[in-house]
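Heads up, the thing below is written out as structure tokens.
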Amino acid sequence: MYEQISASIDELLDLAEREVRSRFETIDKIAYSNQSRVLDAFRHHRVADYHLHSSTGYGFNDAGREMIDTLYASVFGTEAALVRPHLVSGTHALTAALFGLLRPGDHLLFLTGNPYDTLQGVTGLREERGSLKEWGIDTSVCPLAPGGQVDYEQAGRLVRAATKVVALQRSSGYDWRPSFTVDELEQMIHWAREYAPQAYIIVDNCYGEFVEQREPSHAGADLVVGSLIKNPGGGLAHSGGYLAGNKTCVELASLHLTAPGIGAEQGASLGQNRGILQGLFLAPHVVSGALKGSLLAANVFGRLGLKTKPLWTDPRTDLIQAIEWGSSEALILFCQAVQAASPIDSGANPQPWDMPGYDHQVIMAAGTFVQGATLELSADGPIRAPYIGYLQGGLTYEHCKYALKHILLSLHLNGLISIDDLC
Ligand SMILES: *Cc1c(COP(=O)(O)O)cnc(C)c1O
């Protein structure tokens, strides 16, 4: 019985794989282009063995750390970059950017609808101690139009003389909207330059790095920000975040991260330089495998009749694959199957919990080598109707495929789908 179901699922996955294959070629081309840009940077700046080593204490003149900043600036096409293991998460990197750039009385405008859950606490959109709001910095959100596009008419009404930062979010995060491609972000950047010329334009680039051939910084953003335990860490960075942008923005953020007068000059790299460098080298390839996994998942779940965002045929600009499960039971089984198919902690059985920074219960599956790393295969979702689950990452495409098999098996054995009807 089990043998037969297992064989049927393999057959289904092969079928799906054949259908998505043509899109894999595009992903391979993008990976080659990004790998070339990364290697050009390593060679041009003459990365050497001693850059792999690390400093202690204050970390003055840490050659590896300085090289990493230089490489990120080069890869992102910016004047400067700040890449640090001391940035504890993407949220922290974005917080350094916002607190670095904004002063009391200034105004922050989100053009791409509600920001990612944790940013709502940082800004004070959700009441939180220490938020921008407590410092007298006001935040406006321009809701997206019903079709998911930026509502420029309303945005025009929200801009003020005090608007100092216009913020864009590339990835949908926990929102059922399409993510924004770099071309789309470029239009927003042009709009912001014209209607808020006094403002810095920053992009939350989380999950987007190396999915396309260009980054939002190549499209004119002043600052792009992300997490090293997502795409650019390549699965090897143990912790950290990055900011890449013009000199002023990067410096202002660095002064907030460490201290006024110190900025990027201090910060021992504590053994992290090797992983951050090797991770950057690997990132374009690893991202391409994860993307292929997302495409395959979208195709397979589409075959089950589930709504997915994006569809497997849609253009992609980030790693997140959203699936509408329709019941908390299916969402929870989905996450538990991803956990069970993981290399680490496969015996753990994730349950919904009240995670700090989120206002609904969340279930998360992460059987990862680096805790919480979402370039590694992971799944999560807030426990709220219509029970959307998010699947992202995968250090190898094969792991994604293996996990898909486990998800299908679990749904079948629990009577939520019938594999026989699909083959
Ligand atoms: C992951 C993510 C962040 C930051 O999240 P952390 O968990 O703090 O690293 C911010 N914005 C988006 C869109 C994200 O996906």
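Both ligands and their constituent atoms are indexed starting at 1 by order of listing. Not measured: the values here are computed from a predicted model.
The contact set between ligand 1 and Tyr207, taken as ligand atoms under 4.0 Å from a residue heavy atom, comprises 15 (O). Contact atoms of ligand 1 toward Gln169: 13 (C) (distance under 4.0 Å to a heavy atom of the residue).
Checked against a 3.5 angstrom limit, the closest N/O atoms of Leu94 and ligand 1 fall outside it. Annotation: Ser89 places an N or O atom under 3.5 Å from an N or O atom of ligand 1; distance criterion only. Remark: ligand 1 and Thr91 share an N or O pair separated by less than 3.5 Å (distance only, no angle test).
Atom NZ of Lys307 has 12 or fewer heavy atoms from other residues, nucleotides or ligands within 6.0 Å.
Among residues two or more places apart in sequence or in another chain, the ring pair (Phe, Tyr, Trp, His ring centres under 6.0 Å) test is passed with Tyr32 by none.
Note on ligand 1: Asp204 sits in its first shell, one or more heavy atoms being nearer than 4.0 Å. The closest approach between a heavy atom of Lys230 and any atom of ligand 1 is below 4.0 Å.
By the 30° and 60° cut-offs, the orientation of the rings of Trp135 relative to Phe99 is perpendicular.
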In residues 322-330, what donor-acceptor pairs under 3.5 Å come from side-chain atoms, sequence neighbours left out?
residue : atom : partner : partner atom : Å
Ser327  : OG   : Ala330  : N            : 3.1

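Classification of Asp314 and Lys309 as a salt-bridged pair fails, no side-chain N sitting under 4.0 Å from a carboxylate O.
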Requested in this report: I would like to know whether Tyr195 and Tyr152 meet ring pair (Phe, Tyr, Trp, His ring centres under 6.0 Å); could you show each step before the answer?
Outcome: CA-CA 10 Å; Tyr195 291 92; Tyr152 288 109; 8.3 Å; no
